[in-house]
Amino acid sequence: MKEFLQDKIFQLISEAADEQQQECYVIGGFVRDIFLKRPSKDIDVVVVGSGIELAQRVAEKLGKRANLSIFKNFGTAQVKLKDLEVEFVGARKESYQRESRNPIVEDGTLEDDQNRRDFTINALALCLNKDRFGELVDPFGGVEDLKNFVIRTPLNPDITFSDDPLRMMRGIRFSAQLGFFLETNTFEAIARNKERIEIISKERIADELNKIMMSRKPSVGFILLEKTGLLELIFPEVLALKGAETKDGVGHKDNFYHTLAVLDGLCEHTDNLWLRWSALLHDIGKPRTKRYDPRLGWTFHNHNFVGEKMIPEIFRRMKLPTNEKMKYVQKMVTLHMRPIVLSEEEVTDSAIRRLLFDAGDDIDDLMKLCEADITSKNPDKVKRFKSNFQLVRKKLKEIEEKDRVRNFQPPISGQEIMDTFNLPACSTVGEIKMRIKDAILDGIIPNEYEAAKTYMLEIASEFNLTIS
Ligand code: ATP
Ligand code: MG
């Protein structure tokens, strides 16, 4: 394994460790990622002894090039060298109490330290001392599990998960990120211990969810969350999408699997985390708006608006950002049906202008979301939708070039309306502004100052106004 420790830093740590007569290993994610050929810049080093002392020695050897930070309370230290970050920590033994995921920590051996790791693939260690440089220590068959794409805990999974329930989320996240399978015992232990998730902070759960969202196929993670029962506890609104009812022989699609198909489809076209969240939440209002009408079948009237209103509560509870990121997700959810409705009707310039006005700079994202939302099993239908969609895109481009209504600014200001008619600030000013905006969006007048001014003077009599 020496060939994977080419970077000079490993040679340096090796020398430092030998000088201090400390046993020392690279461990965890970095070693796993060597086997997976995923380049990584975070290196964890375990020392049987003091991690801080070894880090100090390494930093001394590097001189000015390196940056040393010491975290006395945690007994750890970090050395930064260009884009590399090396964490040094003493090997430790952990024991847990039921109420907390913070263990009681004692000094330990390498074996103790490997026992406290979450998964076999995360417990691999490579020795750095000169006489054993590059030797792999793999007590739980982690390499075999890597070959077989398996996520498995090193010890009894019930204890591993109950000790630190965040590991359940991590296991599912690794399955999604790496495309691995949860070994049966490990899977079943998550299902048995799911309630323990309640001792984990919302922020940490959100971190893991975001990593699932950023994986190539997030559905893998959400299906595991659902199957283990965790989804019900951390995200009941998404679980509520699951299931398909039938009445009078009329069914509707299962919105959980539909949502996941939309999400996976969208992920092929964007790395924007919040656009991905918009896909996950686009139909979140459907369970609350579902009705059966003998004439119309199943309807979900206004599910987009209901969904939009559910989002602040969800983001607050899950400790997701409640800033402009959330507003963007709300906007996407509200508007998610607009392009598709357009593509079903005759595409009028006025409808296109209104869509551009409402979506602004997010129009391209909205189109991506909307296109991913076409998941019908009927290939003819999909083909028809997609070609109508091309038409909408083309029109959007034409109208935007012609009328520039994206990020529309009214050509006549409220102040000018007040000055022209000698009006105080009042609702009439707003109404006139709105009429001008509508006239532009409906294509009655062009998006230009002179035309808007003429139009304003024309409609003045309707408001019993005269020029001052
Ligand atoms: P990533 O960096 O992609 O999140 P990682 O496996 O490197 O994945 P880190 O959080 O960087 O995860 O942790 C480094 C190592 O520390 C892991 O590989 C694992 O051995 C160990 N580890 C991290 N979190 C836990 C945990 N909750 N329980 C047990 N071991 C853990
Ligand atoms: Mg890491």
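Numbers for residues simply follow the sequence, beginning at 1. We count ligands from 1, going down the list as the structure has it; atoms in each ligand are counted the same way.
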Could you identify the single nearest non-hydrogen protein atom to [atom] and state the distance to 0.1 Å?
| atom | value |
| --- | --- |
| atom 18 (O) of ligand 1 | G29 N, 3.0 Å |
| atom 15 (C) of ligand 1 | R117 NH1, 3.7 Å |
| atom 6 (O) of ligand 1 | R32 NH1, 2.7 Å |
| atom 28 (N) of ligand 1 | R167 NE, 2.7 Å |
| atom 20 (O) of ligand 1 | N122 O, 2.8 Å |

| request: Mind checking whether D44 contacts ligand 1 via backbone (N, CA, C, O), side chain (CB onward), both or neither, at a 4.0 Å heavy-atom cut-off? | output: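 The answer is the side chain of D44.
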
| Residue portion contacting ligand 1 (non-hydrogen atoms closer than 4.0 Å) for F174 |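 Just the side chain.
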
[X] neighbourhood, listing ligand 1 atoms whose heavy-atom distance to it stays under 4.0 Å:
| X | value |
| --- | --- |
| R116 | 29 (C), 30 (N) |
| K211 | 4 (O) |
| D164 | 26 (C), 27 (N), 28 (N) |
| R173 | 1 (P), 3 (O), 4 (O), 8 (O) |

| said: Could you check, using the six-membered ring where one of them is a Trp, whether H303 and H282 have ring centers closer than 6.0 angstrom? | reply: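 Aromatic pair excluded; centres sit 6.0 Å or further apart.
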
| Among D118, D113, D112, whose salt bridge (charged side-chain N to carboxylate O under 4.0 Å, His left out) with R116 holds? |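 When salt bridge (charged side-chain N to carboxylate O under 4.0 Å, His left out) is applied between R116 and each of D118, D113, D112, only D113 qualifies.
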
Keeping the roles fixed (side chain from [X], backbone from [Y]), state whether a donor-acceptor pair exists under 3.5 Å.
| X | Y | answer |
| --- | --- | --- |
| R117 | A123 | no |
| D365 | D362 | no |
| K217 | A176 | no |

| request: Tell me yes or no: between the side chains of K286 and H252, is some donor less than 3.5 Å from an acceptor? | output: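 The answer is no; no qualifying pair exists.
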
| message | Among R170, E87, R38, which one puts a heavy atom closest to atom 17 (C) of ligand 1? | response |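 Going through R170, E87, R38 one by one, R170 has the nearest heavy atom to atom 17 (C) of ligand 1.
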
| said: On a heavy-atom basis, I'd like to know which of D118, T160, L178 is closest to atom 30 (N) of ligand 1. | reply: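 Among D118, T160, L178, the closest heavy atom to atom 30 (N) of ligand 1 belongs to D118.
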
| query | Protein heavy atom under 4.0 angstrom of atom 11 (O) of ligand 1, is there one? | reply |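 Flag for atom 11 (O) of ligand 1 set to false, no protein heavy atom closer than 4.0 Å.
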
| request: Rounded to the nearest 0.5 Å, what's the gap from CG on L231 to CD1 on I172? Could you check? | output: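 Reported to 0.5 Å precision, the distance equals 9.5 Å.
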
